[in-house]
Structures are given as structure tokens and as C-alpha cells.
Asks: 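Quick one: the structure is below, and I'll ask about it shortly.
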Amino acid sequence: MALKDMVPIVPAVPINRYLWSKIAELDPDFVFDYEGVQPFFPLGESAAGDNPWKDKPSFVYDRMMIINPNPFYPIKKEQIHYALKANPSDSMALGSAIQYILDGMDDVAQDINAYNKDRDYGIFFHHVRVFQTSTQVSSSGAQRNYTTNQFYVSKFIIETEYHYNERKALLNR
Amino acid sequence: MITFDMSDFTKTMNDAMSYAEGFFDGIETKETIFNNELGQVIKIACGKYIDSSARIDPSSLHHVYEWGAVGDPGGRLFEITVLADNMFIRFDFDFVASKVNSPTSSVPFSDKAKVMESGMSVVVTPRNSDTLVFEGDDGEMVFTQDEVTIENPGGPNTSGSFERTVQEFFYVYLKQGLLKSLLKDLETADEFTQGFRNGTGYPQGTVQGSRYLTVNGGVM
């Protein structure tokens, strides 16, 4: 069994899955256009492989910051950096959707836990909050230059606290 | 008739006053150390924020990294210096020279970060021969004896993007996302009440004041 099958998955994966499912609930046609692919790519767009995303919005994410304010080590705090790449109208709509869906502290954490129960990821979320670090409309001139860059880049931070459920079971396997 | 033994009360009050005075003095003497600790944590966080921003949007920040090392802390072409006093924390950002050759050049573009960030155009002239040879946009080799002006040497997205990312970090991310986590414990001065009991005075107060003003954890 490979290491990646044994260690718990990164928190971004269940969050992405939940977020995409909620977007699908709100706008099924939008999600249908992606033909079953969830457009969340770790670290860079090159992770999209041979799938060119062209004019469709996509997300690039990175595990940015792990903060350890608490000496109680099982509780982890992490900030995930999201970049939404989309045209102006999709940027506005999807940016609002991210905040609407994910910015809900322990309520959202419970929903993510419940939604991902079937996958048994081994992560229990305590809370999730979202804030935006770059604004779409007031972004730089370069980002708004339609001749060179048709897409806006809107950056979000998704902050979460969580713990892993089955660490001992994994290590003693 | 009811009587009060005021001698004990006076002693307790004096101890409390001395303890409180010590607590505030402890905070004051720790301020420079605290600001320095906080500055170092913010410096690490800022570097990580810029690295992460570069990884998720390389077209806008590739110029502040060595060729082929976008988002890699080891390939940074910027340095952050922290200067802290009891009154302020100052962060200085400097670009450093690139030492790695680009894939199409035999010499490093030393001022790569500075030139591309400022949006300066670059004029290339033949140096060791009369003719300039390079690969054109269409993949064909170009031979010319003229100067070649490159308007945006880093591409259209690099100009000013490092400054914008640093501003994002300090004006938005630091306030909303990081300081709250690091300074959460300062909202309530638990150390003040935890350290006070009968018989404690000024020295214990300074110790507790110093404990109170501590950066809460760090970033990885």
C-alpha cells in the first residue's frame, strides 16, 4: 500500500468536494459543463493535465500556512490559499458563492463532515472561515487588461481547524 | 461591636498594588523582545504568502524568483529584513541579484526582479558580434544587427505585482487572518489573575507581565 493511501488526506480535498457539491446544488448547469471534473488544482494550473480550461473558471489552491497557536497538538489550524481564475462576471458570482457556502464557522464544518462521511477521509473539521485577500473589481491594471489577461485572479484564504480521526489506527496498521 | 483587622487588609492591598505595578513593568520591559518575536513570525508568514501567491499565479510573480524556481523559498530574489523597537516593527524589502542563467541566455539577468517589477523596457544590443540572434515568437530564428527593445521583459502581469502582493499581505491578510490567531491570548490577561495570590508582589508581577506579552505560537 502506498504512503498516499495510508496517511490522511489534506483538508483541502474534502472542502473542495463539499464546495463543488453546493455549487452544483445552486447551479446544476454550471457544474454540468465540467463533464464530471472538479476544477480544483493543487499548486498550479499545470495540475489540470491535458484538460485545457479555456474560458471556464477554475481554482488553484495551495496549503499556505499552518499555524500552531495551541500547545494541544492534535488540533491543527491551517490556511488554504485559493485563487479563482475567471472572467469578471464569473469572478463576482463564484467569489460570493465561496463565501456564502464556506464562511460559516462550526456550522459549515459540521456540513463538510456530514457530506464527506461516505469517503471516510479521517478528518474532522471544527470550523471553517473565509476571507478574500484580493478584490476583483479593484484589482491591478494588469489583471484588468483585457488584451493581455482576460481572467481575473481573486484570492481567498480558507482557514480551518480540524483533527485527524484515526492516526493511531493508521500507524499501527 | 464589629471590629476589622485592617493590618491584613493593608498588606493585601499593598501586595496587589506592587503586583500590578510589576505586571505593567514586566510588559514594558518585554515590548522590544515581543515586537521582535512578532516581527520574525510576520516575516516568515509574509515570505510564505508571497511564495504561495507565486505558485498559484506564476505569471505575476515569476520575476522575484530564480529561473525555474517560482514559489520556491530557496529561489527567492527578495529579502525581508525586520527592525523592531519597543514602539514599532519595520519591514524592509530588497531585491537581490539573479545568479542563474535563463534558458535562452549564457549570462544571468542580474536585475531581473527590479527591472520586471518596475515595468522598465529593456534594450538588447549585440556585444560580442555585429549580429543579434534569438528565437522569435513564431519559433523562427531571428538575425538582426539592430537594437531590440523589449517593452515588458517579464510579461504583462509582473509590473508592480510584488508590491501589490506585499500590500495584500499587510493590509488584508495580516489583519484578518494572522494577527488574530497569534495575539488571541492578549484579549484576556489571564496571566494577571493566574499569578496573583497572597504574598505575591512586584517580582512575581514582572514575571507574569512578561508571560502575558508573548507571541502565541508561530507559522509553518
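Chain naming here is simple, since letters A, B, ... match the order of the sequence lines and numbering starts at 1 in each.
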Asks: For Tyr61(A) and Arg55(B): C-alpha separation, side-chain torsions, deciding distance, then whether side chain to side chain contact (heavy atoms under 4.5 Å, CB included) applies.
Replies: CA-CA 9 Å; Tyr61(A) 68 93; Arg55(B) 286 193 293 267; over 6 Å; no
Asks: Please flag which part of Thr165(B) lies under 4.5 Å from any non-hydrogen atom of chain A: side chain, backbone, both or neither.
Replies: side chain
Asks: Are more than 12 heavy atoms, taken from residues, nucleotides or ligands other than Phe93(B), located less than 6.0 Å from that residue's CZ atom?
Replies: yes
Asks: Atom OH of residue position Tyr171(B) - does it have more than 12 heavy atoms of other residues, nucleotides or ligands inside 6.0 Å?
Replies: no
Asks: Any side-chain heavy atom of Lys155(A) within less than 4.5 Å of one from Ile56(B)?
Replies: yes
Asks: Does a side-chain heavy-atom distance below 4.5 Å link Tyr173(B) with Met64(A)?
Replies: yes
Asks: How about CZ on Phe88(B), more than 12 heavy atoms from neighbouring residues, nucleotides or ligands closer than 6.0 Å, or not?
Replies: yes
Asks: I'd like a table of donor-acceptor pairs (distance under 3.5 Å, sequence neighbours excluded) in which one partner is a side-chain atom from residues 43-50 of chain B, with atom names and distances.
Replies:
from, atom 1, to, atom 2, distance (Å)
Lys43(B), NZ, Ile80(B), O, 3.3
Lys48(B), NZ, Met220(B), O, 3.0
Tyr49(B), OH, Thr133(A), OG1, 3.0
Tyr49(B), OH, Glu168(B), OE1, 2.7

Asks: Can you tell which part of Phe59(A) gets under 4.5 Å to a heavy atom of chain B, answering side chain, backbone, both or neither?
Replies: neither
Asks: Kindly write out the residues that satisfy ring pair (Phe, Tyr, Trp, His ring centres under 6.0 Å) with Tyr19(B), not counting sequence neighbours, or none if the list is empty.
Replies: Phe192(B), Phe196(B)
Asks: In Å, rounded to the nearest 0.5 Å, how long is the span from CG of Asp62(A) to CG of Asp57(B)?
Replies: 12.5 Å
Asks: For Ser52(B), which of Gln79(A), His81(A), Arg63(A) qualifies under side chain to side chain donor-acceptor pair (under 3.5 Å)?
Replies: His81(A)
Asks: So for atom CD, which belongs to Glu79(B), do other residues, nucleotides or ligands contribute more than 12 heavy atoms lying within a distance under 6.0 Å?
Replies: no
